[in-house]
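Protein chains get the first letters and strands the later ones, always in sequence-line order, with residue 1 at the start of each.
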4 protein chains.
Amino acid sequence: MSAETPPPDVSPADGASPPRRASAGPHRSKASSEAILDAAEALLAEAGYGGFSIEQVARRAGAGKPTIYRWWPSKAALLLDVYARQKLQLDQDDTGALETDLAALIGGLWRFWRETAAGGAFRSIIAEAQSDPAAMAALNGFMAERRHHIAGAFERAARRGELADDIDLDAVIDIISGYAWSRLLTGRIDDDPAAIAHAARQIARGVVRPGWALT
Amino acid sequence: MSAETPPPDVSPADGASPPRRASAGPHRSKASSEAILDAAEALLAEAGYGGFSIEQVARRAGAGKPTIYRWWPSKAALLLDVYARQKLQLDQDDTGALETDLAALIGGLWRFWRETAAGGAFRSIIAEAQSDPAAMAALNGFMAERRHHIAGAFERAARRGELADDIDLDAVIDIISGYAWSRLLTGRIDDDPAAIAHAARQIARGVVRPGWALT
Amino acid sequence: MSAETPPPDVSPADGASPPRRASAGPHRSKASSEAILDAAEALLAEAGYGGFSIEQVARRAGAGKPTIYRWWPSKAALLLDVYARQKLQLDQDDTGALETDLAALIGGLWRFWRETAAGGAFRSIIAEAQSDPAAMAALNGFMAERRHHIAGAFERAARRGELADDIDLDAVIDIISGYAWSRLLTGRIDDDPAAIAHAARQIARGVVRPGWALT
Amino acid sequence: MSAETPPPDVSPADGASPPRRASAGPHRSKASSEAILDAAEALLAEAGYGGFSIEQVARRAGAGKPTIYRWWPSKAALLLDVYARQKLQLDQDDTGALETDLAALIGGLWRFWRETAAGGAFRSIIAEAQSDPAAMAALNGFMAERRHHIAGAFERAARRGELADDIDLDAVIDIISGYAWSRLLTGRIDDDPAAIAHAARQIARGVVRPGWALT
DNA sequence: TATTAATCGAGACGGTACGTCATGTCTTGTA
DNA sequence: TACAAGACATGACGTACCGTCTCGATTAATA
């Protein structure tokens with residue numbers, strides 16, 4: 001979403017009050033789009049999904065509404081970019097066992113959601129998807145990406161010989177994602193290592209080869 | 001939500017055009033509240049969460065907006081009642097094993113969501129909860145209720161001696177709910193017995209006593 | 001729910017700033033419509049037709065835009081009411097001759113246009129009519145009304161025997177109106193009795209019975 | 001400058017797609033300015049004053065907006081040039097009497113307005129002048145030009161000895177112009193020789209020397 | 001039996017946000 | 001240096017809902 005040729009930005013002295021960015025020619029203004037994303041992120045943090053409106057974002061960014069609509073066709077698209085801007089750095093360290101890998105995965109995801117604007121954005125995107133088909137499509141895209149993350153842990157487990165033969169990876173991924181989502185959506189992505197460990201163990205147990213020694 | 005003593009209703013409340021229900025005196029008019037819930041349910045079915053507004057509900061019900069606001073303080077409250085009106089009758093038949101019990105549970109829940117207005121209402125409530133704390137509270141209430149449903153299957157399994165000793169029931173319930181939710185929220189509560197069976201098996205396996213013979 | 005942004009206004013009902021008029025039931029609020037017309041009139045006087053917008057009128061009146069659109073479907077309709085509110089009191093005194101009657105008519109009309117908001121409103125209506133068919137229709141309605149005014153002077157002249165037999169009243173009325181309009185539209189409705197008298201004489205001469213003694 | 005009626009949006013870059021005129025170097029490109037005037041004229045004819053915008057003109061002409069603004073500082077200026085491009089060729093034939101000369105003048109003017117883009121442009125200029133002082137100035141310039149046209153007929157009449165001694169030529173010209181304008185602005189410049197003849201007779205009568213034999 | 005009080009429908013109210021269009025200024029890259 | 005292209009901030013457009021308010025009618029329980 002929102003790909004452009006970033007021209008050199010010369011815009012001087014932007015800061016406190018809206019600096020009245022002029023056009024940078026027939027190219028997307030990086031200063032504008034960043035101001036918009038910044039404003040969106042801040043607004044989401046302060047007012048939550050309920051207080052998130054294109055109107056407010058424009059006001060805070062010192063941008064025109066048409067500029068926002070030019071690049072983000074919907075509220076969902078803007079939220080998506082806010083989410084994507086947060087760099088998810090899930091440490092995919094190999095902990096040596098699937099169970100602990102899963103716990104690390106969930107713990108890292110929740111920390112990411114908690115400590116950046118991503119959690120609020122993602123909740124909002126899910127909410128938006130319930131009325132906007134485009135947001136729904138984007139959401140399913142996220143699912144695919146998440147699948148990739150989770151699958152890594154399972155590949156390592158498979159190499160260890162840890163996995164049962166007949167597991168259904170799709171189902172397991174839905175289970176893991178669903179757990180993470182539902183806790184997000186009900187405001188319970190607290191930092192509780194014990195709870196995460198319990199859930200990871202339950203999930204992992206359903207998947208490991210019978211007789212495999214759990215740590 | 002919206003508890004009252006329903007007085008005897010005499011109003012015919014016919015279907016065709018707005019029936020112009022007169023006041024029923026200083027009591028809540030059952031005809032009105034049912035017309036409102038009917039309208040809300042129909043609107044939700046037709047226009048989805050995006051097209052669901054108090055304004056439209058009032059228009060379709062032939063009711064005044066204040067009448068709605070008097071009894072349902074928020075959109076979420078109304079959705080909640082729409083949901084609650086659908087009588088969930090999850091057949092809690094004992095299938096003889098936890099795995100099949102879980103599959104029956106999930107399958108029954110999804111069928112209920114698909115075949116009534118409940119699915120749309122529940123999706124909407126979750127969306128609403130992302131901006132309305134009251135809806136969030138109600139949602140957590142639902143979780144508690146669902147916990148009760150799920151716990152039944154686990155009690156039967158425990159009686160059979162099917163469960164491992166060290167399971168964390170809270171985590172398992174979150175896992176099952178989360179799976180059901182995430183499929184609802186991404187529009188994938190299709191009737192696919194195989195997928196449900198796979199998921200149920202993965203979850204059950206994480207929970208059963210090692211060595212227990214799965215059917 | 002999405003009531004999100006809380007209505008910050010609790011209305012201390014102070015005099016200076018917009019007094020937050022509440023609804024007066026399912027009836028049109030006279031306070032509102034008068035505030036709107038007042039604001040429209042003031043805005044027209046201050047900013048002219050170019051600065052006249054529904055948005056500004058709403059802002060100055062402390063009214064919601066929908067309230068304006070509820071009662072005045074277009075800018076032209078609002079201008080029309082601003083015009084109509086000015087009570088035109090053309091002194092239809094019989095001056096004893098058509099020529100002086102016409103001069104009094106034109107002079108009175110111009111004075112009315114100059115000294116009230118009517119002139120600005122009328123100019124605006126004419127401008128609006130060039131793009132809005134409804135305004136054009138209203139404008140032709142005005143013409144009919146003006147015709148009535150002018151016709152009075154001609155009836156008196158006819159009773160005096162002052163008129164030629166073969167005059168075309170429609171043409172004469174178009175001529176008189178056109179003169180008044182074109183001076184309004186070019187910003188020349190100054191108070192110049194001599195100019196008015198000259199024009200009135202030219203017009204009257206074309207109409208009087210040959211040989212009739214002009215004063 | 002009053003965008004009044006929402007544009008119906010005719011054609012974005014219609015059929016024979018923009019010819020992409022290259023720059024003509026540091027001189028004004030005649031091809032560009034003609035394309036712009038052509039587009040303006042066509043747009044005015046199709047969409048009327050309400051649909052006339054610089055934006056649309058630029059789009060249809062395949063021109064950049066700055067190019068238009070460089071040469072025409074305002075919408076009015078562009079309209080003025082559209083008007084001026086139509087070559088008014090009022091046949092100033094001497095019909096032998098003022099009355100018929102005036103009828104020919106008005107009839108010719110209306111025909112010109114009807115059959116070219118001039119009528120629409122002139123209506124638009126008048127409308128524009130109600131909010132744009134520059135357009136008002138230009139309008140008064142037109143008046144001066146029209147005065148010249150009309151004065152010709154009066155000079156011929158004077159040579160014939162047809163005119164009364166004490167006529168006020170300025171007033172008469174205002175009267176004639178006003179009549180033509182008001183019919184234009186109310187959409188009544190139909191081809192009705194009788195109506196024109198009546199008006200011309202009324203006006204001429206007010207001007208001719210008493211006793212002069214009218215044809 | 002009359003009075004009172006709560007509820008009903010209707011819908012107007014001041015607002016906020018929506019998504020679109022036009023304005024006039026600006027910059028870029030091409031010729 | 002003029003041009004096509006088009007992004008930019010601004011602000012008006014007309015519409016949909018929000019949640020609150022006031023009506024006038026209707027009805028049930030109280031007096």
Side-chain angles (χ1 to χ4, degrees), chain A residues 7 10 18 20-29 32 53-56 58 62-71 73-75, chain B residues 7 18 20-29 31-32 53-56 58 62-67 69-70 73-75, chain C residues 1-9 11 18 20-29 31-32 53-56 58 61-71 73-75, chain D residues 1-7 9 18 20-29 32 53-56 58 62-67 69-70 73-75:
Chain A
V10 208
R20 175 67 179 178
R21 291 172 300 279
S23 165
H27 303 301
R28 180 170 187 178
S29 158
S32 269
S53 72
I54 300 282
E55 193 104 23
Q56 281 299 326
K65 274 198 293 177
T67 301
I68 299 183
Y69 281 106
R70 187 177 353 260
W71 300 110
S74 70
K75 197 153 40 171
Chain B
R20 179 60 186 180
R21 289 174 303 280
S23 164
H27 300 300
R28 180 171 185 179
S29 158
S32 270
S53 72
I54 298 283
E55 193 100 24
Q56 283 298 325
K65 277 199 290 177
T67 303
Y69 280 107
R70 182 166 6 249
S74 71
K75 196 148 57 165
Chain C
M1 184 150 312
S2 67
E4 303 92 21
T5 14
D9 184 14
S11 173
R20 178 67 172 178
R21 294 172 297 278
S23 164
H27 304 300
R28 180 169 187 176
S29 158
S32 270
S53 73
I54 299 282
E55 193 105 22
Q56 281 299 325
K65 273 200 292 177
T67 301
I68 298 183
Y69 282 106
R70 185 172 0 256
W71 301 111
S74 70
K75 199 149 44 167
Chain D
M1 203 167 281
S2 68
E4 300 91 19
T5 8
D9 188 15
R20 177 63 183 178
R21 289 174 302 282
S23 165
H27 302 300
R28 178 169 183 178
S29 159
S32 269
S53 72
I54 300 283
E55 191 99 25
Q56 283 299 325
K65 277 199 292 175
T67 304
Y69 281 107
R70 185 176 352 260
S74 70
K75 196 146 58 163

When you measure from the side chain of Y69(A), which nucleotide among dG19(E), dC8(F), dG14(E) comes out closest?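 Looking only at heavy atoms from C-beta outward on Y69(A), the closest nucleotide is dG19(E).
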Which nucleotide sits closest to the side chain of S32(A): dA4(F), dA9(F), dT23(E)?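 Between dA4(F), dA9(F), dT23(E), the one nearest the side chain of S32(A) would be dA9(F).
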With Q56(B), which residues qualify under side-chain hydrogen bond (donor to acceptor under 3.5 Å, both in side chains), at least two apart? none
Got a second to check how far K75(D)'s NZ is from I54(D)'s CD1, nearest 0.5 Å? 7.0 Å
For A63(A) and for S74(C), find the nucleotide of DNA chain F with the closest heavy atom, then tell me which residue's nucleotide is more 5'.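 By nearest-heavy-atom nucleotide position, the 5'-most residue is A63(A).
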For [X] and [N], what is the distance between atoms [atom1] and [atom2] respectively, to the nearest whole Å?
X: I54(A); N: dC18(E); atom1: CD1; atom2: C1'; result: 9 Å
X: R28(A); N: dT28(E); atom1: CZ; atom2: C1'; result: 17 Å
X: E55(A); N: dT15(F); atom1: CD; atom2: P; result: 17 Å
X: R21(C); N: dC23(F); atom1: CZ; atom2: C1'; result: 18 Å
X: K65(B); N: dG9(E); atom1: NZ; atom2: C1'; result: 13 Å
X: R70(A); N: dA7(F); atom1: CZ; atom2: P; result: 5 Å
X: I68(A); N: dC8(F); atom1: CD1; atom2: P; result: 11 Å
X: H27(C); N: dG11(E); atom1: NE2; atom2: P; result: 11 Å

Upstream residue (5' side of DNA chain E) when P66(A) and P66(D) are each assigned their closest nucleotide: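 Looking at DNA chain E, the more 5' nearest nucleotide goes with P66(A).
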Among residues at least two apart in sequence or on other chains, which ones pass side-chain contact (heavy atoms from CB on, under 4.5 Å) with R70(C)?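 R70(C) satisfies side-chain contact (heavy atoms from CB on, under 4.5 Å) with T67(C) once adjacent residues are dropped.
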At their closest point, which heavy atom of S29(C) faces which heavy atom of S32(C), and how far apart are they?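 Scanning both residues, the minimum pair turns out to be OG-N, 3.0 Å.
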Which heavy-atom pair separates G64(A) from A58(A) by the least distance, and what is that distance?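 Distance-wise, the nearest heavy atoms are C-CB, 4.3 Å.
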With respect to the phosphate group of dC8(F), does any side-chain polar atom (N or O) of W71(A) fall under 4.0 Å of OP1 or OP2?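 So the side-chain polar atoms of W71(A) do come within 4.0 Å of the phosphate oxygens OP1 or OP2 of dC8(F), strictly under.
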For a quick test of reading the model: is some side-chain N or O of T67(B) closer than 4.0 Å to OP1 or OP2 of dG9(E)? yes
